A.B. asks: 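My questions will all concern the structure given below.
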Number of protein chains: 2
Amino acid sequence: MERRHDLGAAFAWLTRAMVAAEEPVLRAHELEMWDYAVLSALEDGPASTQAELADTVRRDKTRLIPILERLEARGLLRRTPDPADRRNRVVALTGAGREVVASCRAGIREVEADLLADVEPGERAIFVAVLDRLADAARAR
Amino acid sequence: MERRHDLGAAFAWLTRAMVAAEEPVLRAHELEMWDYAVLSALEDGPASTQAELADTVRRDKTRLIPILERLEARGLLRRTPDPADRRNRVVALTGAGREVVASCRAGIREVEADLLADVEPGERAIFVAVLDRLADAARAR
DNA sequence: TATTGTTATACTCTATAACTATA
DNA sequence: TATAGTTATAGAGTATAACAATA
């Protein structure tokens, strides 16, 4: 192993770089990073409780609340009481929310393409595939 | 592009996972993460000013100070006034510091090997190489 | 006047505990 | 009693400004 950087350091620097590079895209949609993370998590389907949503976004439930209020006030998502258990509020994307997150992601895909522009296509495909698998594994803990 | 996760999210999750996985290694040496980052940065040679060191570690000079004091008190590094410009203090690893950081890195290499254990060697080599290049580029900004 | 290292202060972010309403 | 959502509080982490010493 004649590697130069620690993996952890490399991941940290790239996280920082991506956050900075994506900031203009998010700001164009008047979204904070965590707003985008929440909307993004809801794309696959509604969350049946806020606690569950907090868990998938890796944020505790108390910090999630101001985010949800902001996004609901803008009409990007809806919180509706669950008739079966009225303690729960199911959180779902609205049509407007779906549009915003899709448009956001398009911008972010461009930023990602920029980052990978100098990597040869074959290596790029492998890199992205391995990264995705590792991220899944890391997330599962 | 039929990718599952945003690159930024993947990097962020992996950063978090690596920090958590490396924590026991660092604690065994009674080091905080930033202690290790500083010692690590000094391995290539002394820093001619604290400001320069702060810059390479991506931490501002004021937050660096308590770290340096802690490490100096433990005899892992030395701050000596620069005779040419007495405002500066050059920061250098001691022998003990060099040993600690080397032992730490060995442990971290094991953690990294764990992370990559399920990736086939060919893909692993490409992944690590690309990651390293991207990290360099991200750092250069 | 500008810069290095340092200290002090204010601010943001995060974690924890406590409260309510349902079950 | 236990859990979902909410609110309030305390702590850690961060950024900014001010200071003394040197150039």
Side-chain angles (χ1 to χ4, degrees), chain A residues 8-9 12-13 15-17 19-20 22-23 26-27 31-38 41-42 45-73 77-92 141, chain B residues 8-9 12-13 15-20 22-23 26-27 30-38 41-42 46-73 76-92 141:
Chain A
W13 296 334
T15 301
R16 192 183 298 213
V19 168
E22 291 173 6
E23 200 271 339
L26 295 174
R27 195 179 37 193
L31 290 180
E32 317 258 328
M33 184 186 55
W34 287 109
D35 296 341
Y36 172 73
V38 167
L42 292 172
S48 47
T49 73
Q50 293 184 186
E52 177 198 297
L53 179 58
D55 196 56
T56 75
V57 183
R58 256 70 181 171
R59 218 149 178 71
D60 73 53
K61 54 179 185 167
T62 67
R63 284 181 291 168
L64 184 60
I65 292 171
I67 300 173
L68 293 180
E69 280 170 355
R70 192 177 345 136
L71 295 174
E72 189 173 38
L77 56 79
R78 234 187 319 265
R79 288 184 290 182
T80 56
D82 178 359
D85 183 340
R86 299 220 312 281
R87 293 175 300 184
N88 302 342
R89 307 179 74 175
V90 349
V91 187
R141 279 166 208 167
Chain B
W13 296 334
T15 301
R16 192 183 297 213
M18 288 303 283
V19 168
E22 291 173 5
E23 200 272 338
L26 296 174
R27 195 178 37 192
E30 296 180 74
L31 289 180
E32 315 258 329
M33 184 185 55
W34 286 109
D35 296 342
Y36 172 72
V38 166
L42 292 173
S48 46
T49 73
Q50 293 185 186
E52 177 198 298
L53 179 58
D55 196 56
T56 76
V57 184
R58 257 69 182 170
R59 219 150 178 71
D60 73 54
K61 55 178 186 168
T62 67
R63 284 182 291 171
L64 185 60
I65 291 171
I67 299 173
L68 294 181
E69 281 169 354
R70 192 175 346 134
L71 295 174
E72 188 171 40
L76 302 182
L77 57 79
R78 234 188 320 264
R79 288 184 289 181
T80 56
D82 177 0
D85 183 340
R86 298 220 312 284
R87 292 175 301 184
N88 302 343
R89 308 179 73 175
V90 349
V91 187
R141 280 166 208 168

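Letters go in sequence order (proteins before strands), and every chain restarts at 1. Just so it is clear, the model here is predicted, and its values are computed rather than measured.
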A.B. asks: Report the distance from atom CD1 of A:I67 to atom C1' of D:dG5, rounded to the nearest whole Å.
C.D. replies: 15 Å

A.B. asks: Tell me: CG of A:N88 to P of D:dA2, nearest whole Å?
C.D. replies: 18 Å

A.B. asks: Kindly indicate whether the side chain of A:R87 and the base of D:dT3 share any N or O donor-acceptor pair separated by less than 3.5 Å?
C.D. replies: yes

A.B. asks: What is the separation between atom CD on B:E72 and atom P on C:dG5, rounded to the nearest whole Å?
C.D. replies: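 In whole Å, C:dG5 P and B:E72 CD are 13 Å from each other.
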
A.B. asks: Looking at C:dT4, C:dT6, C:dT22, which one has an atom nearest to any side-chain atom of A:R86?
C.D. replies: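 Closest nucleotide among those given: C:dT22.
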
A.B. asks: Atom CG of B:D60 and atom C1' of D:dA17: how far apart are they, to the nearest Å?
C.D. replies: 12 Å

A.B. asks: Does C:dC13 have its OP1 or OP2 closer than 4.0 Å to a side-chain nitrogen or oxygen of A:R63?
C.D. replies: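 Answer is no, no contact under 4.0 Å.
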
A.B. asks: Which sits closer to the 5' end of DNA chain C, B:A51 or A:W34, going by the nucleotide each is nearest to?
C.D. replies: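 With B:A51 and A:W34 compared, the 5'-side residue is B:A51.
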
A.B. asks: Quick one: is D:dT6 close enough that its OP1 or OP2 comes under 4.0 Å of any side-chain N or O from A:R79?
C.D. replies: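 For D:dT6, OP1 or OP2 has a side-chain N or O of A:R79 closer than 4.0 Å.
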
A.B. asks: Using whole Å, what does the distance between atom C1' of nucleotide C:dT3 and atom CG of B:D82 come to?
C.D. replies: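 Whole-Å distance recorded here is 13 Å.
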
A.B. asks: Please report the distance, rounded to the nearest Å, between CG in B:L64 and P in C:dT6.
C.D. replies: 9 Å

A.B. asks: With a 4.5 Å limit on heavy-atom distance, are the side chains of A:I65 and A:E69 in contact?
C.D. replies: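 The answer is yes; the side chains approach within 4.5 Å.
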
A.B. asks: By nearest atom, which of the nucleotides D:dT7, C:dT4, D:dA17 is closest to the A:I65 side chain?
C.D. replies: D:dT7

A.B. asks: Looking only at the side chain of B:D85 (C-beta and beyond, no hydrogens), which of the listed nucleotides C:dT7, D:dT22, D:dG5 gets closest?
C.D. replies: D:dT22

A.B. asks: Is the shortest heavy-atom distance from the side chain of A:E22 to the side chain of A:M33 under 4.5 Å?
C.D. replies: no

A.B. asks: Does a side-chain N or O from A:R89 land closer than 4.0 Å to OP1 or OP2 of D:dA4, or not?
C.D. replies: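 So the side-chain polar atoms of A:R89 never come under 4.0 Å of the phosphate oxygens OP1 or OP2 of D:dA4.
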
A.B. asks: NZ of A:K61 versus C1' of D:dT6: gap in Å, rounded?
C.D. replies: 8 Å

A.B. asks: Which heavy atom of B:S48 sits nearest to which heavy atom of B:N88, and what is that distance?
C.D. replies: O-CB, 3.9 Å

A.B. asks: Compare all side-chain heavy atoms of A:L68 with those of A:L53 and state whether any distance is below 4.5 angstrom.
C.D. replies: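 Yes, at least one pair of side-chain atoms sits under 4.5 Å.
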
A.B. asks: Give the rounded distance in Å between these two atoms: CD of A:Q50 and C1' of C:dA21.
C.D. replies: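 These atoms are roughly 14 Å apart.
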
A.B. asks: Can you tell me if the side-chain N/O atoms of A:R59 get under 4.0 Å from OP1 or OP2 in C:dA15?
C.D. replies: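 False: A:R59 side-chain N/O out of range (4.0 Å or more) of C:dA15 OP1/OP2.
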
A.B. asks: Report the residue (A:E32 or A:P83) whose heavy-atom-nearest nucleotide on DNA chain C is the more 5′ of the two.
C.D. replies: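 Between the two, 5'-proximity favours A:E32.
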
A.B. asks: Within a 6.0 Å radius of atom CZ on A:R59, are there more than 12 heavy atoms belonging to other residues, nucleotides or ligands?
C.D. replies: yes

